[in-house]
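What follows is one structure encoded as C-alpha cells, with my remarks underneath.
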Amino acid sequence: MERTLIKDLNKHINEQVKVQGWLHTLRDQKSMQFLIIRDRTGMAQIAHFKKGNPQLAEQISALGTESALTLIGKVVENEIVKLGGLEIQLEDLVIENAAEVPLPFEPFGEYLPEQDFRLDWRYLDLRRDVNQLIFEVQTTAEQAMREYWLDHNFIEIHSPKIMGAPSESGAELFTIPYFETTAYLAQSPQFYKQMAMAAGYERVFEIGPVFRADPSFTSRHMTEFTGVDMEMSWIDSHEDVMAFMERWLAYTYEKVIEKHGSEIENLLNVKLEAPAVPFPRITMAEAHELLEKIGYDLPPEKKHDLDPGAERALGSHFKETQGHDYVFVTEWPFEARPFYHMLKPDEENITRSFDLIGKGLEVATGAQREHRYEVLKTQAVAKGLTVEPIQDYLNYFRYGTPPHGGFGFGLSRFLMIMLDLSNIREAVYIFRGPTRLTP
RNA sequence: GGGGGCGUGGUGUAGUGGUUCAACAUGCGGCCCUGUCAAGGCCGAGACCGCGGGUUCGAAUCCCGUCGCUCCCGCCA
C-alpha cells in the first residue's frame, strides 16, 4: 500500500490509507486513544477505540512521543476535529522505531534547552518546523545560485580539499598526516578557481567545504563551513564582480521569497524583501570618514581596516539612510588584503577589492586578482612571502591567463543574515567548532 | 590567544548567608475522565544546587582554584 502524505489526506475521505510519521502527542483516555501523527507535510489525528482492539490499545499506551510509526486506517470527515476536520480511524499500527522514554528534551515543548544541549541531540532539534524550513530555504537558495550561474555560462568545479601547501597566508590550517608527508585541509578554493581562469574556463563556481583552524569562539565562526565561491575572467575591475554578485544575490532572494516567503514570515517573523540593485557602495576611505562622523571609535591599530563593531555601525547606517541590508566596502588598503589582490594603477596602496556586509556582518570578500606574473611575485615578496612554496600557484600566470576576479561567500552566514538567525549554529546542519566535533 | 557572563531534579527557571532554601513549570510513573484536541483533575518519583578547597556557629548563596558552556575582541565566510 502506498504511503499518503498528511497534507493529501483530504483527497482520500472514506478510503483506507497508510500514513507514516512521528507520534506528536498521545491522548490516552479511558475508552479512546487519540494519536497526533506528524510528517513533513503536517499533522493529523488518529482515533482508536480501545475496546475494538485491547492488545493494540496496550501497545499504544506504551508509546513514547516522537516514535516513528506506520499507521493504516480509514480517513473520515469529522467536523469536531480541530486538525483539518478529519481523522483516521486506526486499523493497524507498526512501531518502526519506538522513542525511548523520556526524551532528552521536548522538540515541540514550550521552551527549548540551551543550544549546546540541543546540538548534542541535533536530530531531535532538527525535527522542529523552523529547522526544517531553514534547510529548505538553503536548498532553494543554492538552487537559485546555480540557476543564475548556469544562465550566465558558468562551469561548476570541485577542487581538492587536501593540499600540499597553504592556499593563502594568514588563516590557520589543519594539518593531516598524508602517507609519508603532511598535508593541509583547504582553507579556500581560491588558487584552484584561479587555475580555472588560466585554463580558459572563463567563469567557474564552487560550493564546497572550507576548513579554518582558527580557535574562534563567536556566534558567527566555524572550523568547517560551506564556501560559495566564483571567479570570472575578462573583467575590467572588481566593479564587474560586484555588479554580477548583487544581481546573483537578488535573484536568490527572489526565489527564496517565491517559495518560502510566507512560511518564513510565519515561523521566523521575517518579512523578506529582495535587496534593491545596485547595492550601496562605499570605499574604505569614505567608510572611515563616515564612521568618524557617526561617532564610531575605531581602534588605532584598525586604521586600514574595519572591526566587527565598525561593520555593524556601517550596516545600521545604510539600513537607516538607504533602507538597505547590504553594503559593499571597496578599495581596501593592501595591508589588509592578501598578496594576490590587484592594486589600483594610480594608487599603489589601494586594492581593487571589496567586502560585502549584510546586516552588519561580513558575508563575502572579493577582488580583481593580480594576473601578471611579475607583479604578482613582487606583491608576494612585499607581503613577506617566499616564492618557492607558492611557485605552483605563480605558475598559473605564465602562459596566457586573462584578467579575472571573484569572491568567496559564506553560505551559513548568508542564511543568518537573510533569516535573522542570531547564531551560526542555527544556520548550519551540523556545527563544527574548536570544541565541537560530535555529532 | 585575551576579556566578560553563566553552571540548581531529564529539561527550563526561582531562590544571593540561617528557622519548610531546596521551590515552580514541563517532562516522567500511577489513578480518574463516553471523543479528546498544544486536553483536564488528583497522587507520586526525581537535584546532596558543575567539581575541589576556603571564610563562617551556619554556604546553592561570599572568596579562591578548576572544568564546562556562552558571548565579545583578535582572525575571518
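Chain naming here is simple, since letters A, B, ... match the order of the sequence lines and numbering starts at 1 in each. Just so it is clear, the values below take in all heavy atoms, side chains as well, and ignore hydrogens, waters and symmetry mates. All of these numbers come straight from a predicted model, not from anything done at the bench.
Residue side chain A:R413 reaches the base of B:C76 through a donor-acceptor N/O pair under 3.5 Å, judged by distance alone. Residue side chain A:E114 does not reach the base of B:U11 through any donor-acceptor N/O pair under 3.5 Å, judged by distance alone.
Of the two residues near RNA chain B, A:L112 and A:A364, the one whose nearest nucleotide lies more 5' is A:L112. Mapping A:F105 and A:M32 onto RNA chain B by nearest heavy atom places A:F105 at the nucleotide closer to the 5' end.
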Classify every nucleotide of nucleotides 1-8 of chain B by which part a protein heavy atom approaches to under 4.0 Å, writing B for the base, S for the sugar-phosphate alone and - for neither, in 5'-to-3' order. B-------

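A:F108 comes within 4.0 angstrom of nothing in the nucleic acid, heavy atoms only. Looking at heavy-atom distances under 4.0 Å, A:S412 makes no contact with the nucleic acid at all. Using a 4.0 Å heavy-atom criterion, one finds that A:N423 contacts the sugar-phosphate atoms exclusively.
A donor-acceptor pair under 3.5 Å links the side-chain atoms of A:R122 to the main chain of A:Y429, judged by distance alone. In this structure, the side chain of A:K193 engages the main chain of A:M230 through a donor-acceptor pair within 3.5 Å. For A:R413 (side chain) and A:E362 (main-chain N/O), a donor-acceptor pair under 3.5 Å exists by modelled atom type. Remark: side-chain polar atoms of A:D39 are paired, donor with acceptor, to backbone N or O of A:G42 under 3.5 angstrom.
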Criterion side-chain hydrogen bond (donor to acceptor under 3.5 Å, both in side chains) on A:E426 and A:Q115, from CA distance to verdict: CA-CA 9 Å; A:E426 304 287 353; A:Q115 186 177 60; 2.7 Å; yes

For A:T70 and A:E96: C-alpha separation, side-chain torsions, deciding distance, then whether side-chain hydrogen bond (donor to acceptor under 3.5 Å, both in side chains) applies. CA-CA 7 Å; A:T70 296; A:E96 307 289 359; 2.5 Å; yes

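RNA chain B is contacted by no residue of residues 5-23 of chain A, taking any non-hydrogen atom closer than 4.0 Å. Taken residue by residue, residues 67-98 of chain A places heavy atoms nearer than 4.0 Å to RNA chain B at A:N78, A:I80, A:V81, A:K82, A:E87.
At whole-Å resolution of the value, CZ in A:R212 and P in B:C75 are 14 Å apart. For A:R220 and B:C71, the CZ to P distance is 10 Å, given to the nearest whole Å. When rounded to the nearest whole Å, the span between CD of A:E311 and C1' of B:C76 equals 9 Å. Rounded to an integer number of Å, the gap from A:E172 CD to B:A77 C1' is 16 Å.
Checking B:G74, B:C76, B:C37 against the side-chain heavy atoms of A:Q45 singles out B:C37 as nearest. Checked against B:C72, B:U34, B:A77, the side chain of A:S219 finds its nearest nucleotide in B:C72. Distances from the side chain of A:Q29 to the nucleotides B:C73, B:C33, B:A77 place B:C33 closest. Here B:U34 is the nucleotide among B:U34, B:U70, B:C76 with the atom lying nearest to any side-chain atom of A:K30.
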Hey, can you pull the donor-acceptor pairs under 3.5 Å for the side chains in residues 97-114 of chain A, sequence neighbours left out?
none

Do any side-chain atoms of residues 308-316 of chain A form donor-acceptor pairs under 3.5 angstrom with protein atoms, and if so which ones, sequence neighbours left out?
unit_1: A:S316; atom_1: OG; unit_2: A:R312; atom_2: O; d: 3.0
unit_1: A:S316; atom_1: OG; unit_2: A:A313; atom_2: O; d: 3.3

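Contact annotation: A:R425 reaches the phosphate of B:U70 (side-chain N/O to OP1 or OP2, under 4.0 Å). Phosphate contact (OP1/OP2 of B:C75, side-chain N/O of A:T218, threshold under 4.0 Å): absent. Using a 4.0 Å cut-off, no side-chain N or O of A:R118 falls inside it from OP1 or OP2 of B:G10.
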Could you go over nucleotides 23-27 of chain B and give all protein N or O partners under 3.5 Å, atom names and distances?
unit_1: B:A25; atom_1: N3; unit_2: A:Y111; atom_2: OH; d: 3.3
unit_1: B:G27; atom_1: O2'; unit_2: A:E106; atom_2: OE2; d: 3.4

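Under the 6.0 Å distance and 45° angle rule, A:K383 counts as a cation-pi partner of A:F334.
When Watson-Crick and G-U wobble pairs are counted only if both distances are under 3.5 Å, B:A23 pairs with B:U13. Both distances falling under 3.5 Å, in either a Watson-Crick or a G-U wobble arrangement, occur for no nucleotide opposite B:U56. When both distances must be under 3.5 Å, the Watson-Crick or G-U wobble mate of B:G1 is B:C73. In this structure B:A47 sits in no base pair that meets the Watson-Crick or G-U test at under 3.5 Å. With a cut-off of 3.5 Å on both pairing distances, the Watson-Crick or G-U wobble partner of B:G7 is B:C67.
A:E331 places none of its side-chain heavy atoms less than 4.5 Å from the side chain of A:R352. The shortest side-chain heavy-atom distance between A:Q379 and A:E370 falls under the 4.5 Å cut-off.
Aromatic stacking of A:F225 on B:A77: satisfied, with centres closer than 5.5 Å and planes within an angle under 30 degrees.
Salt bridge status for A:R127 with A:E66: present, with a side-chain N to carboxylate O gap under 4.0 Å.
A:F49 CZ to A:Q89 CD: the interatomic distance, rounded to the nearest 0.5 Å, is 6.5 Å.
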